[in-house]
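Chain A is the first sequence line, chain B the second, and so forth, proteins listed ahead of strands; every chain is numbered from 1.
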There are 2 protein chains.
Amino acid sequence: MRCTRCRGQEACLEIRRHNAAYCEDCFLGFFRDQVTRAIEHDKMFRRDEPVLVAVSGGKDSLALWDVLLEMGYDTAGFYIGLSIPGYSEPSREKCEVFAEARGARLITVDLEEEYGLGIADTAQRTARAPCSACGLSKRYLFNKVAMDNGYRVIATGHNLDDEAATLFGNVLRWQTGYLGRQAPVLPEEEGLVKKVKPLYRLAERETAAYAVLRGIDYIVDECPMSRGAKSLLYKDLLNQLEAASPGSKQSFLLGFLDKARPLFHEQEEVELHPCERCGQPTTTPICAFCRLRDEVSRPRRPRGGRRRGGRSGPRESAAAAASGGPPPAGLVIPLTSVES
Amino acid sequence: MRCTRCRGQEACLEIRRHNAAYCEDCFLGFFRDQVTRAIEHDKMFRRDEPVLVAVSGGKDSLALWDVLLEMGYDTAGFYIGLSIPGYSEPSREKCEVFAEARGARLITVDLEEEYGLGIADTAQRTARAPCSACGLSKRYLFNKVAMDNGYRVIATGHNLDDEAATLFGNVLRWQTGYLGRQAPVLPEEEGLVKKVKPLYRLAERETAAYAVLRGIDYIVDECPMSRGAKSLLYKDLLNQLEAASPGSKQSFLLGFLDKARPLFHEQEEVELHPCERCGQPTTTPICAFCRLRDEVSRPRRPRGGRRRGGRSGPRESAAAAASGGPPPAGLVIPLTSVES
């Protein structure tokens, strides 16, 4: 099959939802066009604004950082060490090698060393789902580290599949608050930096293809702690739908943003104020991140004790967290914290 | 496992979303309770109101008629002959046998004999999806026949699975108009009878179990013309979800009705007036049913000609129709016509 863009080269990647197939060069052009469209159409950031890119070592976030560097944006990477055995070390290395090869700045924070919150250990100590503790901590640090380092924009690598799966989870439970807040851009507010998702128009296989074609060495494995998370089930179901009807995911997400989100967005405002301990915005006196630290530093409860949250086991809580499900009371940064 | 209701008998049916398992008697009681709850909670009809029950010969509609008869409601059945080879004849017989055994009145209309619109033939002649022609014709006749026979309420056998699948289809495309109109009760309006779905709280396997336990002889096969319809794919995906997380379908549908539908319901009113030919309510001068009849009575177009509707083949149109997708312009009874 010929490339539908240049008509000269052999196509290497078919994109059924666009009814297109591209050669390598044209695919990279298509990828950049979609990122440009997201940045410009959704007014994510200007040419002269420095952007902090949250990187995990996976294909999405490294592809995002790569394409922004290629396009000449002023970026630094931000990696959070999560202390997940067998996963965190290689993922940190991928980020470091990537940054060094490009002469780019990488800011690193280690959750365990700096806050005593290694994810595997935190999950065990609090009987909280790993994805819940991880999501809470990331949201907190994205904002704090961006502010502390003078960045007014943080970009994450959420792709179309991530966003569609989050939307699916929120729609299945009609989480109207989350639905009102799910967007490719969450604007800057008092104490909160702007959050943007420049890859939201690109499917997971496209970010993977981009990373491969660009020679990016990324960590291929899924996080071992996400096993059983509902977000993976939602992705699987949406993939079946997409196979039967290409374009379903995109029309689901973009249709939502266009037609339904405005209806959900008119929610009552939540009053934010600084956490009494750390100063980050929260709805409760002490923010959820500081409370998580308290919880972890308490002595362990005896084994066999009742788990918090009644019947909901770790898998269900993990799923809820991964899909933007119910957060614990007093969530850090509630108005803009819904990450997919 | 013991029945969770009477604690005496062995349970024969587990209902995971209710965390319950029932013996035969208690299951039938549960079934009736759910129907009663729907009728009373949603103010579907009063004890003294005669109700026309649309029956297809399948488990849902015959279970509905049976439970309403058992509960002492004043009902008649309404069967539409669709002239689907190998399917319509046995399904009509099931309805006739059912009605005769209970001494109940069955009103029958044959689409082909009375309107020249046998579904298989109509689909072929108009290159319209069978589900589209069928849905349009049923909506038209439900209203017309109810009015002509003095019924102010028509009840259909849509169950939880049907409604959840329709909702899924409407949400995937964010059909905001359809979302505003999807409800277990569509109120009476000028020229339109009330439409109700008393089984919307009961899953498909529960209506099947009810029919079996009550000794109802129903047609087991799916309509042969629905093959490839998207509604079947949606049901399959929702079944996978339900298996992983019992209660998902119910919370998806009930959460929508409770929290999201009101947001979509505030749509602009559509002006209805009588069709110039048949007098039924429509938004266009001639209603879609009368136009369908015109279309069928025209000479056949030559083979190999371009199909109407551009690239959309019959399967896609069928899917759209089955899932409450885009109707043709000037749909008959547009304000209340969204059937699952």
Inset, instruction - Measure from the side-chain N and O atoms of B/Lys259 to the backbone N and O of A/Arg173, and report whether any donor-acceptor pair falls under 3.5 Å. - result: yes
Legend entry - Whether B/Arg128 side chain and B/Ala123 backbone form a donor-acceptor pair below 3.5 Å: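 Between the backbone of B/Ala123 and the side chain of B/Arg128 there is no qualifying donor-acceptor contact (under 3.5 Å).
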Inset, instruction - Answer with yes or no after comparing the ring centroid distance for B/Phe168 and A/Phe168 against a 6.0 Å cut-off, counting only values under it. - result: yes
Legend entry - Residue-level contacts of residues 199-208 of chain B with chain A, using a heavy-atom cutoff under 4.5 Å: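 At a heavy-atom separation under 4.5 Å, chain A is reached by no residue of residues 199-208 of chain B.
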Legend entry - Under 4.5 Å from a heavy atom of chain A, the part of B/Leu233 involved: side chain
Going by the rule salt bridge (charged side-chain N to carboxylate O under 4.0 Å, His left out), which residues pair with [X] if we only count those two or more places apart in sequence or in a different chain?
X: B/Asp33; answer: B/Arg5
X: A/Asp258; answer: none
X: B/Asp60; answer: none

Inset, instruction - Heavy-atom distances under 4.5 Å only: say whether A/Leu237 touches chain B with side chain, backbone, both or neither. - result: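 For A/Leu237, the contact with chain B is made by backbone and side chain together.
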Inset, instruction - Output yes when B/Arg37 and B/Asp42 qualify as a salt bridge under the 4.0 Å nitrogen-oxygen rule, no when they do not. - result: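 Salt bridge between B/Arg37 and B/Asp42, a charged N being under 4.0 Å from a carboxylate O: no.
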